[in-house]
*Asks:* 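The structure is given below, and queries will be raised subsequently.
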Amino acid sequence: MVPTGNTHSKRLMLGLTATTLRSGMHHLETAWLFTRSDFKTIILPVMMFTNIVSPRHNPLALSCSLCWLWLHLFQGNVSNQSYSAPEDLLNKPWRPVPSGRISVKDSRALRWGLMVFCLGFSSFFSLNVTITSAVFTVLVIIHDDFGLSGHPIGKNLLNVGAYVSFEFGSTLILSEEPSLNKTSITALICSAIIIFTTIHVQDFQDINGDRMLGRRTLPIVAPEGSRIYILFVLPSISFALASFWSLGPLCSALFTSMGFGVGLRCFLVRDEIGDQSNYRLYNIWLMGAHLLPANARFYALAW
């Protein structure tokens, strides 16, 4: 039986639909791979912080807050990974650029498009959210295009700026207010101090890749000193935060012990696999640190 023109058109439409779906799924998977490793390090801690400090919890606002956070993380990661392909080929070969899903040239073009899109998306909320998006974009450019990612102190400062931008923008959207209250601002300042003083834990696992790219991260500049430093700073800052947020004796002991345990493990376990586990444990500690402002709002940690 010879297919009719109508049947042929239907087959063409079905083929076009299937091709479009496959292409769409491919691009979605690429976007996921750009951000996959940062769900535990950015998305979870930041959304936990946002929900703790925000006085409102509208489901629609929560969805918008999460979307804003992921889009800006996507923007930052596309930019960063377009410059770190040689390192990623060694440490994270599944990422889109080293795996060949997208070229360096296309990822940099995507990066500029995402910057414009994120600014436009932010403008739907408030002026402060738009300014936060613009500040984040400038930080990304300084980090990647001006090479401050290779400077031990400069990298930490830029990490602080990016992390606080994530938290500030997400909290503004969820709270549905043009500015934050005193408790939220205090929590942001504490978060900035935590990130600046401890975030180089993430660099222990990337020593080989960072050295290959000529970066001067703290574990490369001071391999022994950086581990001794983290051994003392994690329990110290844990105790200081527990005291500042007026935790109860049991919660204070648990959180300080967690900081001591992670710091001790970073000092003792020094192989690449061990450092990856250390970083996962550090992120659990970091999420715990982001829970502490709950005591100021709900007295949930007073026991």
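Count residues from 1 along the sequence.
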*Asks:* Less than 4.0 angstrom from a charged side-chain N to a carboxylate O is my criterion; do Glu29 and Arg36 meet it?
*Replies:*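 So Glu29 does not pair with Arg36 through a salt bridge.
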
*Asks:* Would you say Phe260 has more than 12 foreign heavy atoms packed within less than 6.0 Å of its CZ?
*Replies:*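 No, the 6.0 Å shell around CZ holds no more than 12 heavy atoms from other groups.
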
*Asks:* Hey, do the aromatic rings of Trp245 and Phe255 have their centres closer than 6.0 Å?
*Replies:*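 Not under 6.0 Å, so no.
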
*Asks:* Can you give me the closest heavy-atom contact between Ser170 and Val46, atom names plus distance?
*Replies:*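 Where Ser170 meets Val46 most closely, the heavy atoms are OG-CG1, 4.1 Å.
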
*Asks:* So, the side chain of Thr256 versus the backbone of Ala253: is there a donor-acceptor pair under 3.5 Å, distance only?
*Replies:*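 No, Thr256 side chain to Ala253 backbone: no donor-acceptor pair under 3.5 Å.
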
*Asks:* Just by distance, no angles: are the side chains of Asn283 and Thr41 close enough, under 3.5 Å, to form a donor-acceptor pair?
*Replies:*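 Distance-only check fails for Asn283 and Thr41.
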
*Asks:* If you define the side chain from C-beta out and look only at heavy atoms, does anything of Leu71 sit under 4.5 Å from Gln75?
*Replies:*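 Side chain of Leu71 against side chain of Gln75, heavy atoms only: no contact under 4.5 Å found.
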
*Asks:* With no hydrogens and no angle check, is any side-chain donor or acceptor of Ser63 less than 3.5 Å from a backbone partner on Pro59?
*Replies:*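 Confirmed, Ser63 side chain pairs with Pro59 backbone.
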
*Asks:* Parallel, tilted or perpendicular: which describes the rings of His72 and Phe136, with under 30° parallel and over 60° perpendicular?
*Replies:*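 His72 vs Phe136 ring planes: perpendicular.
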
*Asks:* Other residues, nucleotides and ligands only: do more than 12 of their heavy atoms fall within 6.0 Å of CZ on Phe124?
*Replies:*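 Count not over threshold, so no.
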
*Asks:* Would you say Asp38 and Thr35 are linked by a side-chain donor-acceptor pair, where the criterion is simply a distance under 3.5 Å?
*Replies:*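 Side chains of Thr35 and Asp38: no pair found under 3.5 Å.
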
*Asks:* Indicate the ring-plane relationship of Phe74 and Trp70, choosing parallel, tilted or perpendicular according to the 30° and 60° boundaries.
*Replies:*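 Rings of Phe74 and Trp70: parallel, as their planes differ by under 30°.
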
*Asks:* Evaluate whether atom CZ of Phe239 has more than 12 neighbouring non-hydrogen atoms of other residues, nucleotides or ligands under 6.0 angstrom away.
*Replies:*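 No.
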
*Asks:* Quick one: sort the Phe49 and His290 rings into parallel, tilted or perpendicular, breaks at 30° and 60°.
*Replies:*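 It falls in the perpendicular class, over 60°.
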
*Asks:* Over 60° means perpendicular and under 30° means parallel, so tell me whether Phe166 and Tyr163 are parallel, tilted or perpendicular.
*Replies:*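 Answer is perpendicular, since the angle exceeds 60°.
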
*Asks:* Do the side chains of Asp275 and Arg227 get close enough for a salt bridge, i.e. N-O under 4.0 angstrom?
*Replies:*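 Yes, charged N to carboxylate O under 4.0 Å.
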
*Asks:* Classify the ring geometry of Tyr282 against Tyr279: parallel below 30°, tilted from 30° to 60°, perpendicular beyond 60°.
*Replies:*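 Tyr282 vs Tyr279 ring planes: parallel.
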
*Asks:* Indicate whether any N or O donor in one side chain lies under 3.5 Å from an N or O acceptor in the other, for Thr30 and Arg101.
*Replies:*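 Per modelled atom types, Thr30 and Arg101 side chains form a pair under 3.5 Å.
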
